[in-house]
*Asks:* 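Here's a structure for you.
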There are 2 protein chains.
Amino acid sequence: MVTIYDIAKKAGVSPATVSRVLNNGPVRISTKEKILKIIEKENFVPDNRAVYLKKLNTKKIGLIVPDVLNPIYSLKIKVIHDYLKERNYYLILGNSYGYVDEEKSILEMFERERVAGVIIGTCEGEDDSCLVPIFTRMLNNGIKIVFTGKKNYGLKVDVISVNNVSGTYKITNYLIKTGRKKIGFISGEKSLRATEERLEGYLKALKERGLKIDKEIILCEGEYKLENGKRLTKKLLRKVDAIVCGNDLMAIGAIKAIEENGLKVPDDISVCGFDDIFLSSLIKPSLTTVHQPIEKISEIACERLIGWIDGKIKKEEEILIEPEIIIRESA
Amino acid sequence: MVTIYDIAKKAGVSPATVSRVLNNGPVRISTKEKILKIIEKENFVPDNRAVYLKKLNTKKIGLIVPDVLNPIYSLKIKVIHDYLKERNYYLILGNSYGYVDEEKSILEMFERERVAGVIIGTCEGEDDSCLVPIFTRMLNNGIKIVFTGKKNYGLKVDVISVNNVSGTYKITNYLIKTGRKKIGFISGEKSLRATEERLEGYLKALKERGLKIDKEIILCEGEYKLENGKRLTKKLLRKVDAIVCGNDLMAIGAIKAIEENGLKVPDDISVCGFDDIFLSSLIKPSLTTVHQPIEKISEIACERLIGWIDGKIKKEEEILIEPEIIIRESA
DNA sequence: TTACCATTTGAAATTGATTTCAATCTCTTT
DNA sequence: AAAGAGATTGAAATCAATTTCAAATGGTAA
């Protein structure tokens, strides 16, 4: 491969001068043009490995999501990718499947790559408190970290997330208003922040409206996926007249389960979700759900992360975005 | 940050010995253990920039997709990510939106990063023949490239793709068998390989069955997206009794357009798609479509790419995977 | 013509690892 | 006890850039 030395030799200058051309340093216009011509002719492309060995900011950002197949994370990836690209950063992607072992190995890869910052796009999967030592080490080594939608474990990191409590509170209230009395709740693992808070909003609404809380119809286990929604819903059939689901995929599973058992949505059982993925408006009955402001969350996450990297932000913050509920056919 | 020199000093050995420990070189067991302890204690993590400045294979693979939001590409990303991770490679992701300018800037970033290989996951977007010089330069510089689903422009690259011709041929035949006579065709840009070939299969089936080809009901323009499917379908209403769509998203758009105009799918107009995305089985009516073997294509692409990188593959190939049609409710 | 200042330039150090080559240390064998 | 073989180790070069410091060059004013 062509190096800066080859260019320097052909141009009759020192490598330092070529480097200055590449970095807009002070070089006489005529020499600059001569060097640029040679660079073009020789197909020279600088080697980032060497460039960023000297420079401080590697311009690389690591992003971890639990499931690229979940449209909510596809959207997160898209928004973050675009925001960063605009600012000359680029993205290394890790897909953790919600497993801490995977997440750990991805984080270690990010460390070796000396990424400037990391965005954790996770808010579902296993309990990941055991990653705290790695996060601490990364922070100590100057790698900036922003969480979206998970606990901060007392770390010096921003947390940007939707107000989960308020989301399920609003939608449960809506169900009550439409006359539903036996409202069930299904979601993924209890240990997760998303589960904890979404459950909290649901309970809050029931309490305020004086409805009885029945542990039999609250099921928080397994993954935030369609199949699991189906599985859990089967246990609630004929016990409830509405179900608040932990996310849209589970809600879609719930609708499938209800229909497969000869019942109707929303006539027999109302179903509502959380996320407002693309799909939710397309299925039938279309899904009543809590809209997650993914674009906003992702952009704030990027903005904060770059703020940290540029040294403009020094103090961590927890930023909650207020969600809206979207009323459609399923409830 | 802690370096190999710091570790060497604390252990009373030379950096070379520390490097040997990191790379499983010959080191006395007792010194190895001593060094490992210090590495652990000092939180040392090697710097890949320096590591791969010396080593030939950077273990980085660049992947370009036109749209992370399209489930077909989410799936591609997932499969490729997993396959590579298993083999100690990792992924740098670029989202091109089908724009050649974006694709160009992503490719340049890959070059600077000295990726070992690139997978082009594109098969839609603008005509990208103008990227040939960049691909040539990358190949000359030893970066291996594999295309999935696009023209190879005479380059020394593998092309792995679904047999598009066969896919639309089969599904058009199916429509004819069910008694449809006026079958329309809608898709994205004509210049794309996917469009060209899918159109070819459609035309082949019509000709073989002796049906008249009517240019008025063949519309190839715009993007492979839902909205565009809707837009094009509106022009075909009342002119056709079936529509073959370039992909599933367009087909879903087609169904929406038909229903919004008071017609029924499949009673008034049959609709079929191409891809078999997750969504297609969930909507109502569920979509009859050509199943794209994305997992298989992606895995072969990875396998071939790593074969090239390891020097085990020397000759480019074009690999076509035969698709199956999935009959559901929409046709 | 000289002094002074600003603009260009290059030599050499630096970044953090790996790798080669030669030297040293341990054994085993005679 | 000496020789030889094999296992460990370190010094220095290398990878491909940037950056610092000092030197050279050019232009202007006194």
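Hydrogens, waters and symmetry mates are skipped; everything else that's a heavy atom, side chains included, is used. Throughout, protein chains are lettered first and strands after them, A, B, ... in sequence-line order, and every chain is numbered starting at 1.
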*Asks:* Determine whether more than 12 heavy atoms belonging to other residues, nucleotides or ligands lie under 6.0 Å from atom NZ of A/K10.
*Replies:*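 Check fails, neighbour count at 12 or below.
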
*Asks:* Rounded to the Å, how far apart are A/I7 CD1 and D/dA16 C1'?
*Replies:*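 Going from A/I7 (CD1) to D/dA16 (C1'), I get 13 Å.
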
*Asks:* Can you pull out how bent the helix from C/dT1-D/dA30 to C/dT30-D/dA1 is, comparing the axes over its first five and last five pairs, to 10°?
*Replies:*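 About 50° separates the two local helix axes.
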
*Asks:* Just to be sure I understand the rule, does A/N23 reach a base, reach only the sugar-phosphate, or reach nothing, if contact means heavy atoms closer than 4.0 Å?
*Replies:*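 Sugar-phosphate contact only - A/N23 comes under 4.0 Å of backbone atoms but never of a base.
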
*Asks:* Would you indicate whether B/E223, at its atom CD, is surrounded by more than 12 heavy atoms from other residues, nucleotides or ligands within a distance under 6.0 Å?
*Replies:*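 Counting other residues, nucleotides and ligands, CD of B/E223 stays at 12 neighbours or fewer.
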
*Asks:* Counting heavy atoms not belonging to A/K59, are there more than 12 under 6.0 Å from its NZ?
*Replies:*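 Correct, the count exceeds 12.
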
*Asks:* Could you give the OH-to-P distance, from B/Y52 to C/dT19, as a whole number of Å?
*Replies:*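 Computing the B/Y52:OH to C/dT19:P distance gives 11 Å.
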
*Asks:* Applying salt bridge (charged side-chain N to carboxylate O under 4.0 Å, His left out), which residue pairs with at least one partner in residues 129-147 of chain B are found, sequence neighbours left out?
*Replies:*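 For residues 129-147 of chain B, and leaving out neighbouring residues, the salt bridge (charged side-chain N to carboxylate O under 4.0 Å, His left out) pairs sorted by first residue read B/E111-B/R137.
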
*Asks:* Taking side-chain contact (heavy atoms from CB on, under 4.5 Å) as the definition, give me every residue that meets it alongside B/S161, ordered by chain and number, with sequence neighbours left out.
*Replies:*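 Here the qualifying residues are B/V159, B/R193, B/L320.
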
*Asks:* Tell me the interatomic distance from B/N48, atom CG, to D/dA16, atom P, rounded to whole angstroms.
*Replies:*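 To the nearest whole Å, that distance equals 17 Å.
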
*Asks:* Using side-chain contact (heavy atoms from CB on, under 4.5 Å) as the criterion, list what pairs up with A/K296, not counting sequence neighbours.
*Replies:*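 Applying side-chain contact (heavy atoms from CB on, under 4.5 Å) to A/K296 gives A/P293, A/I300, A/I321.
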
*Asks:* Listed by chain and number, what are the side-chain contact (heavy atoms from CB on, under 4.5 Å) partners of A/D6, not counting sequence neighbours?
*Replies:*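 So A/D6 forms a side-chain contact (heavy atoms from CB on, under 4.5 Å) with A/V2, A/T3.
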
*Asks:* Measure from CD1 on B/I35 to C1' on D/dG10 and round the result to the nearest Å.
*Replies:*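 Nearest whole value for this atom pair: 12 Å.
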
*Asks:* Quickly work out the B/D47 CG to D/dA17 P distance and round it to whole Å.
*Replies:*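 Whole-Å distance recorded here is 16 Å.
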
*Asks:* Strictly under 4.0 angstrom, non-hydrogen atoms only: write out the protein contact profile of nucleotides 5-15 of chain C, one letter per nucleotide from the 5' end, B, S or -.
*Replies:* ---SBBB--BB

*Asks:* Run the numbers on A/D128 and A/K150 for salt bridge (charged side-chain N to carboxylate O under 4.0 Å, His left out), then give the verdict.
*Replies:* CA-CA 10 Å; A/D128 49 8; A/K150 74 189 290 185; 2.4 Å; yes

